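Below you'll find the structure, written out as structure tokens, and then a few comments.
Only heavy atoms go into these numbers, but all of them, side chains included; no hydrogens, no water, no symmetry mates. These numbers come from a predicted model, not from an experiment.
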Amino acid sequence: QVQLVESGGGLVQAGGSLRLSCAASGRTFSLYVMGWFRQAPGKEREFVGAITSDGIGTYYADSVKGRFTISRDNAKSTGYLQMNNLKPEDTAVYFCAADIHGSYHIGAAYVYWGQGTQVTVSS
């Protein structure tokens, strides 16, 4: 079992930045691909980005490419989502997930999920 806890969400003005963290405990975090997803009210959960277990490979949704950066510190069992130039349409609950059995951009492929953290971007 892996427990994931997100933090760092909040209210920010458009154009601002936030950094989300995803702290893992339990089994060895460094073994797992980690993904970030978000869900806005009334909308389906969508893929934001993912990072390979060794931190070398990263993948992003087109909507965040160039603005968001995913990283991880396996020594601290923590993953990060740096969000810059935030837009009102980025408002959502953000979730981290780990350990995939399938494609990295498919939420159902992930085994472990955090509880989510709210990000609100005002215009």
Using side chain to side chain donor-acceptor pair (under 3.5 Å) as the criterion, list what pairs up with K43, not counting sequence neighbours. none
Only counting residues at least two apart or in another chain, list the ones meeting side chain to side chain donor-acceptor pair (under 3.5 Å) with T58. none
Rounded to the nearest 0.5 Å, how far apart are CZ of R45 and CZ of F95? 8.0 Å
From the list L20, N85, V48, side chain to side chain contact (heavy atoms under 4.5 Å, CB included) partner of F68 resolves to V48
For the pair M83 and V119, evaluate side-chain contact (heavy atoms from CB on, under 4.5 Å) and give the outcome as yes or no after the intermediate values. CA-CA 10 Å; M83 305 184 294; V119 172; 3.8 Å; yes
Excluding sequence neighbours, so at least two apart, what forms side chain to side chain contact (heavy atoms under 4.5 Å, CB included) with I106? S103, A108, A109
Here the pair of heavy atoms bringing A24 nearest to V2 is CB-CG1, 4.3 Å
N/O donor-acceptor pair under 3.5 Å between E6 side chain and G116 backbone: yes
With the side chain counted from C-beta on, respond yes when I70 and Y60 share a heavy-atom pair under 4.5 Å apart, and no when they do not. yes
E46: which residues meet the salt bridge (charged side-chain N to carboxylate O under 4.0 Å, His left out) condition with it, sequence neighbours left out? R38
Tell me which pairs pass ring-ring contact (aromatic ring centres under 6.0 Å, His included) where either residue lies in residues 17-55, with sequence neighbours left out. F37-F47, F37-Y110, F37-W113, F47-Y104
Can you tell me how far apart OG (S122) and CG (L86) are? Round to the nearest 0.5 Å. 10.0 Å
Identify, with sequence neighbours excluded, every residue that meets side chain to side chain contact (heavy atoms under 4.5 Å, CB included) alongside V111. D99, H101
Fellow cluster residues of Y80, listed by chain then number, with links counted only when side-chain atoms sit under 4.5 Å apart: none
Please name all residues satisfying side chain to side chain donor-acceptor pair (under 3.5 Å) with T120, sequence neighbours left out, ordered by chain then number. Q118
Return each pair, listed once, that meets side-chain hydrogen bond (donor to acceptor under 3.5 Å, both in side chains) where at least one residue sits in residues 9-26; pairs must be two or more places apart or across chains. Q3-S25, S17-N84
Give, for atom CD1 of I51 and atom CZ of R72, the distance between the pair rounded to the nearest 0.5 Å. 6.0 Å
Approximate separation, where rounding is to 0.5 Å, of S53 OG and L31 CG: 7.5 Å
With sequence neighbours excluded, give me every salt bridge (Lys or Arg N to Asp or Glu O under 4.0 Å) pair touching residues 103-113. none
Residue pairs involving residues 48-62 (criterion salt bridge (Lys or Arg N to Asp or Glu O under 4.0 Å); sequence neighbours excluded): D62-K65
Calculate, to the nearest 0.5 Å, the distance between atoms NZ and OG belonging to K76 and S30 respectively. 15.5 Å
Closest heavy-atom pair and its distance - A40, T91: CB-O, 3.6 Å
By salt bridge (charged side-chain N to carboxylate O under 4.0 Å, His left out), which residues pair with R67, not counting sequence neighbours? D90
